*Asks:* 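Please read through the structure below; I'll follow up with questions.
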Amino acid sequence: GAVVSQHPSWVICKSGTSVKIECRSLDFQATTMFWYRQFPKQSLMLMATSNEGSKATYEQGVEKDKFLINHASLTLSTLTVTSAHPEDSSFYICSAPLDGVSGHQPQHFGDGTRLSIL
Amino acid sequence: TQLLEQSPQFLSIQEGENLTVYCNSSSVFSSLQWYRQEPGEGPVLLVTVVTGGEVKKLKRLTFQFGDARKDSSLHITAAQPGDTGLYLCAGLLNSGGGADGLTFGKGTHLIIQP
């Protein structure tokens with residue numbers, strides 16, 4: 001069964017809307033979660049690292065004011081795309097290391113959120 | 001600049017043939033993972049390789065980590081239509097106990113024709 005749950009799986013909204021995506025670890029605690037973005041026919045690109053109890057770490061070129069990340073608890077991280085525009089349309093995927101700490105342990109991915117901005 | 005070069009990007013072969021997917025980098029990775037992703041879903045882990053020269057087998061799939069931990073390969077023997085999908089290699093640069101996201105290759109779209 002899924003160990004990381006992502007919600008919603010599909011969002012269609014108008015330009016200028018803010019959209020919140022949730023990522024939950026099931027039956028385990030994740031002090032760290034990761035957010036990726038995947039454009040059609042392309043690979044996953046790391047956007048940011050979500051840290052429970054502290055600020056998220058963003059990759060170069062990712063606007064922290066555009067993509068707000070809140071790691072509210074040991075099992076929940078949220079990504080809010082603020083004032084979304086059509087160029088933000090993409091497949092957003094979260095992941096968490098199974099043991100809650102990164103390293104050699106594999107990451108488990110949610111099923112992704114397809115975001116379409118009209 | 002792509003940190004992990006994955007090739008081929010697209011591959012279409014007949015059922016029963018063998019194939020190899022390569023993942024190369026000039027950087028040293030503490031570990032490398034292979035994932036398979038279906039359309040509209042998140043990647044699913046196939047294997048993690050950690051030690052240079054390591055070889056792991058998963059049924060008809062053989063994974064190898066290069067001696068210098070800069071490259072990896074995935075070999076599929078007697079491919080079947082059920083192997084069709086997007087295969088992704090992903091490397092972890094830092095294993096110092098801190099939290100690091102994965103660096104992904106561009107992926108290999110594999111189609112096995114019956």
Side-chain angles (χ1 to χ4, degrees), chain A residues 1-7 9-10 21 23 30-54 56-60 62 69 71 77 91-115, chain B residues 1-10 21 23 25 29-52 54 56 58 63 65 69 85-111:
Chain A
V3 295
V4 174
S5 173
Q6 195 170 334
H7 178 81
S9 57
W10 196 292
I21 304 170
C23 182
T31 55
T32 302
M33 291 184 179
F34 302 97
W35 287 97
Y36 296 83
R37 181 167 52 186
Q38 184 177 31
F39 290 106
K41 301 297 184 182
Q42 295 188 26
S43 190
L44 284 76
M45 295 294 292
L46 179 66
M47 296 177 66
T49 302
S50 175
N51 304 299
E52 192 272 335
S54 64
T57 305
Y58 291 82
E59 295 299 301
Q60 190 173 8
V62 178
I69 291 173
H71 204 127
S77 174
F91 192 50
Y92 292 86
I93 310 176
C94 68
S95 74
L98 186 57
D99 66 351
V101 178
S102 188
H104 298 316
Q105 293 301 317
Q107 292 187 23
H108 290 259
F109 287 81
D111 277 340
T113 297
R114 174 77 57 194
L115 177 62
Chain B
T1 303
Q2 186 73 21
L3 195 59
L4 263 176
E5 296 289 343
Q6 189 172 342
S7 62
Q9 193 172 353
F10 297 95
V21 178
C23 198
S25 177
F29 291 96
S30 59
S31 67
L32 199 138
Q33 302 172 15
W34 285 89
Y35 291 83
R36 177 175 166 177
Q37 184 181 22
E38 300 297 331
E41 298 180 9
V44 175
L45 179 72
L46 296 174
V47 77
T48 299
V49 286
V50 178
T51 306
E54 183 176 6
K56 282 191 174 179
L58 186 66
F63 304 86
F65 202 12
R69 290 187 285 129
L86 175 64
Y87 290 82
L88 297 160
C89 64
L92 189 64
L93 284 169
N94 178 20
S95 67
D100 289 287
L102 292 171
T103 299
F104 279 85
K106 286 190 173 182
T108 296
H109 295 266
L110 177 63
I111 297 174

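Within every chain, numbering begins at 1; the chains are lettered A, B, ... in the order of the sequence lines, protein sequences first and strands thereafter. Keep in mind the model is a prediction, meaning the values are calculated, not measured.
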*Asks:* Given 3.5 Å as the limit, does a donor-acceptor pair link the side chain of A:Y36 with the main chain of B:L102, or not?
*Replies:*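 Judged by distance alone, yes, a pair lies under 3.5 Å.
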*Asks:* Check B:P43 against A:L44 and note the closest heavy-atom contact, atom names and distance.
*Replies:*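 Result for this residue pair: CG-CD2, 3.9 Å.
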*Asks:* Please rank B:H109, B:Q37, B:Q9 by heavy-atom pairs under 4.5 Å with chain A and give me the top one.
*Replies:*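 If we count pairs closer than 4.5 Å to chain A, B:Q37 comes out on top.
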*Asks:* Is the backbone of B:G105 close enough, under 3.5 Å, to the side chain of A:S43 for a donor and an acceptor to pair up by distance?
*Replies:*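 Such a contact is found between A:S43 side chain and B:G105 backbone.
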*Asks:* Looking at chain B, which one of A:Q38, A:Q42, A:H108 has the largest number of heavy-atom pairs inside 4.5 Å, strictly under?
*Replies:*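 Between A:Q38, A:Q42, A:H108, the count favours A:Q38.
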